[in-house]
Amino acid sequence: MERVRFAPSPTGHLHIGGARTALFNYLYAKRTGGKFIVRIEDTDLNRSTSESESAIIEGLKWFGINWDEGIEVGGPDEPYRSTERNHIYEPYVKKLLDEGKAYYCYCSEEEIEKERQESLSKGETYKYSGKCRNLTEEEKKELEAKGIKPVVRFRVPDDEPIIIDDVVRGKVEFNSNDIGDFIIVKSDGIPVYNFAVVIDDHLMKITTVIRGEEHLSNTPRQILIYKALGFDIPKFAHVSLILGKDRTKMSKRHGSTWVEQYRDAGYLPEALINFLALLGWSPEGDEEIFSLEELCEKFSLDRVVKNPAVFDIDKLNYINGIYIRKSSIDRMVDLCIPYLKNAGYITDEFAKENRDWITLLVSTFRERISYLSEIVNHVSILFNDEVKLEDEEAASVLKQEHVEGLLDELYDLVKVSDKLDNEIIQNIFKELKNRTGAKGKSLFMPVRVALTGQVHGAELVNIIELLGKDNVLKRIEYTKKNLL
RNA sequence: GGUUCUAUGGUCUAGUGGUUAGGACGCCGCCCUCUCACGGCGGUAACAGGGGUUCGAAUCCCCUUAGGACUACCA
């Protein structure tokens, strides 16, 4: 059975790239009937925070990506946070030390940094000198007496080819000569990520490691550890990165990079998932719109491409728009209310008492937005009491000769009806047409401009219904007085 | 600099030796329509360059170029 995992380090929000990695792992597990594990790799004490841990977990939950074993849900390999697994790593470090496959190193960071700078200035690649490789017991005692806390370094074997048979990239070959003895346990006794992942993945019986390409160059180090410990090496699948418009790794400079930011802007989780799935993976047919369930059935690592993908917000907007339009109106209303509230257009109380009105508003405007927060831009025309002419074109519509008479008739018609609903408004337009002889554009446009100040916009009948009788009358008065 | 990955329209991609190089986003046009949007239809646009291999290369090999990742007591 396949066992895969997502092992984020809690040093920030759930990044869009991390989300895709998690998604691919999840989809692969579902597709193969395997298990998906979520583990927190918090070996970096300085940068890890519990806030980001929960942010990441919340992000996954928001997507509807759940896991079979791991943090919060538990499982056979508890705990699922590496800082709590120190006692688990210890024996493996000891084993390596005892077998001479690792050794204590007392070099100071300053010393190492100096060596690094030197080789850098000479244009060489830095490799640890191996100075502490063969320290005698006496020398170690002496160094320790000075109070130096050693790190543990892995003794990298000479001239050993390391071949990764990557599921998505094919064979990738490294040579151990290019790798210096690297640190596996920091001086504070905490193992370094590269070491902890190996132990964790092994103990959790991970069969396929699906992760971002940024880890590809770490993989030889990890394979060396697998070999030294006599562990079976899992399959690796390195998925290429998501790039910004300038083709560098997506970062803050490129705009929103956290899933939280997309959620807040009003992107739907299923849309983001659909979009992310299409970044680096493609389905077999021409169809592109898939639910999470459908993706679970279709996903396959064979169809993951090697080349990096540029994050295209236009396409995301397109996909999100599709989901906004096809979701239940009730859900959209619930999701839009916070934006309307935030903009100061409605209150909680109003929302409770006027659900039908908000429903009409959302269904009127949802076909013109690509993300939910955009709705506030469109509805502003309903809430400003004064009609503002948008441009010259709008002004010229009102300058037509028949407009004043048209507005007078409209005023009368609205005034005598006790309420305005869709049918009544339709009838008012019919009657208006009879009385004035105006039809089509010359009938509707002046009304639209008189009421909204714009020559374009949503279904006019809906706008009138949303405005309501009083507002319509007020606006006609205002327009006649100020804009004609 | 070193190690390593990548290369089909502006973007995401299909394609695994013989295709009029397919789809999607974007853009443009038409239709629908009071307008805009939605929707429908149509169009625009690509195999980075150079060498091979082959009867035949987007597809296989090499070089060049361009871009990316890594190069920490970070992950």
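First the proteins, then the strands, lettered A, B, ... as listed; each starts at 1.
Of all nucleotides present, only B:G68 satisfies the Watson-Crick or G-U wobble test against B:U4, with each distance under 3.5 Å. Base pairing analysis places B:A58 opposite nothing; no Watson-Crick or G-U wobble pair with both distances below 3.5 Å involves it. Applying the Watson-Crick and G-U wobble criteria (two distances, each under 3.5 Å), B:C74 pairs with nothing in any strand. Within the shown strands, nothing qualifies as a pairing partner of B:G9 under the Watson-Crick or G-U definition with both distances less than 3.5 Å. In this structure, B:G39 and B:C31 make a Watson-Crick or G-U wobble pair, each of the two defining distances being under 3.5 angstrom.
As rounded to whole Å, 11 Å separates atom C1' of B:C73 from atom CD of A:E110. Straight-line distance from the CZ atom of A:R221 to the C1' atom of B:C70: 8 Å, rounded to whole Å. Rounded to an integer number of Å, the gap from CD1 of A:I428 to P of B:C34 is 18 Å. Across the protein-nucleic acid pair, A:R47 atom CZ and B:A72 atom P stand 14 Å apart, rounded to whole Å. Rounded to an integer number of Å, the gap from A:F275 CZ to B:A24 P is 17 Å. Atom CG in A:N218 sits roughly 17 Å away from atom P in B:U3 (whole-Å rounding). In this structure, A:N462 atom CG and B:C38 atom C1' are separated by 13 Å, rounded to whole Å. Taking atom CD of A:E390 as the reference point, atom C1' of B:U35 lies 11 Å away to the nearest angstrom.
In this view, A:S370 and A:E374 satisfy the side chain to side chain donor-acceptor pair (under 3.5 Å) rule, not counting sequence neighbours. For A:E294, the side chain to side chain contact (heavy atoms under 4.5 Å, CB included) partners are A:F290, A:S291, not counting sequence neighbours.
Nucleotides B:A72 and B:A14, compared at atom C1', are 41 Å apart to the nearest Å. Look at the P atom in both B:A7 and B:U16: the space between them is 16 Å, to the nearest Å. Only the C1' atoms considered, B:C12 is 32 Å distant from B:G52, to the nearest whole Å. As rounded to the nearest Å, B:A45 and B:G23 have P atoms that lie 14 Å from one another. Spacing between B:U59 and B:A21 at atom P, rounded to whole Å, works out to 15 Å. Using P as the reference atom, B:A46 and B:A58 are 15 Å apart when rounded to the nearest Å. Taking atom C1' on both B:C25 and B:U53, the two are 38 Å apart, rounded to the nearest angstrom. Look at the P atom in both B:C41 and B:C5: the space between them is 44 Å, to the nearest Å.
As judged by a 4.0 angstrom heavy-atom cut-off over every strand, A:T43 is placed among residues touching the sugar-phosphate backbone only. Among the atoms of the strands shown, base atoms are found under 4.0 Å from some heavy atom of A:Y193. Here A:E41 lies in heavy-atom contact (under 4.0 Å) with sugar-phosphate atoms only. Within the 4.0 angstrom heavy-atom criterion, only backbone atoms of the sugar-phosphate kind lie near A:G280; the bases stay farther away. Here A:C107 lies in heavy-atom contact (under 4.0 Å) with a base. Residue-level contact check: A:R211 touches neither bases nor backbone, having no heavy atom under 4.0 Å from any strand. Base engagement by A:G457 is indicated by at least one non-hydrogen atom pair under 4.0 Å involving a base atom. Contacts of A:T11 with the nucleic acid, taken as non-hydrogen atoms under 4.0 Å apart, are absent. If you check every strand for non-hydrogen atoms under 4.0 Å, A:R116 touches sugar and phosphate atoms only. Nucleic acid contact for A:V310: sugar-phosphate only, since backbone atoms but no base atoms lie under 4.0 Å from a heavy atom of the residue. If you check every strand for non-hydrogen atoms under 4.0 Å, A:E173 touches sugar and phosphate atoms only. Within the nucleic acid shown, A:L460 comes within 4.0 Å of at least one base atom, counting heavy atoms only. Nucleic acid contact for A:F174: sugar-phosphate only, since backbone atoms but no base atoms lie under 4.0 Å from a heavy atom of the residue.
Ring centroids of A:F299 and A:F24 are separated by less than 6.0 Å, placing the two rings close together. A:H215 has its ring centre less than 6.0 Å from the ring centre of A:Y193.
Salt bridge present: A:E84 and A:R81 bring a charged side-chain N and a carboxylate O closer than 4.0 Å. Using a 4.0 Å cut-off between charged nitrogen and carboxylate oxygen, A:K149 and A:D188 do not count as a salt-bridge pair. Electrostatic pairing of A:K171 and A:E173 does not count as a salt bridge here, judged by no charged N lying under 4.0 Å from a carboxylate O.
Scanning atom types as modelled, one donor and one acceptor separated by under 3.5 angstrom connect the side chain of A:S187 and the base of B:C73. Remark: the A:E367 side chain and the B:G39 base include no donor-acceptor N/O pair separated by less than 3.5 Å.
Stacking of the aromatic ring of A:F444 onto the base of B:C34 is found: the ring centres lie under 5.5 Å apart and the planes are inclined by under 30°.
For B:C74, the OP1/OP2 oxygens have a side-chain nitrogen or oxygen of A:K186 closer than 4.0 Å. Residue A:K326 places none of its side-chain N or O atoms closer than 4.0 Å to OP1 or OP2 of B:C38.
Closest contact between the side chain of A:R169 and the listed nucleotides B:C38, B:G15, B:U6 involves B:U6. Distances were taken from every side-chain heavy atom of A:D312 (C-beta onward) to each of B:G68, B:C74, B:U11; the shortest belongs to B:U11. In the set B:C12, B:A7, B:U35, B:U35 carries the atom at the smallest distance from any side-chain atom of A:R448. Across B:G26, B:U4, B:A75, the shortest atom-to-atom separation from the side chain of A:D314 is found for B:G26. Comparing B:U13, B:C73, B:C70 by their closest approach to the side chain of A:S217 singles out B:C70. For A:D44, taking side-chain heavy atoms from C-beta onward, the closest of the listed nucleotides B:A75, B:G23, B:C12 is B:A75. Taking the side chain of A:N194 as heavy atoms from C-beta on, and the options B:A75, B:U35, B:U13, the nearest nucleotide is B:A75. Side chain of A:H215, nearest nucleotide from B:C12, B:A75, B:U4: B:A75. Set against B:G68, B:U35, B:C12, the side chain of A:L279 has B:C12 as its closest nucleotide. Listed candidates were B:U6, B:C74, B:C25. Nearest to the side chain of A:N307 is B:U6.
Residues A:Q117 and A:Y126 bring no donor and acceptor atom of their side chains to less than 3.5 Å of each other.
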Query - From CA spacing to verdict: side chain to side chain donor-acceptor pair (under 3.5 Å), A:H238, A:E213 - result: CA-CA 5 Å; A:H238 287 97; A:E213 195 196 332; over 6 Å; no
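Under a cutoff of 6.0 Å and an axis angle of 45°, A:K326 and A:Y323 form a cation-pi pair.
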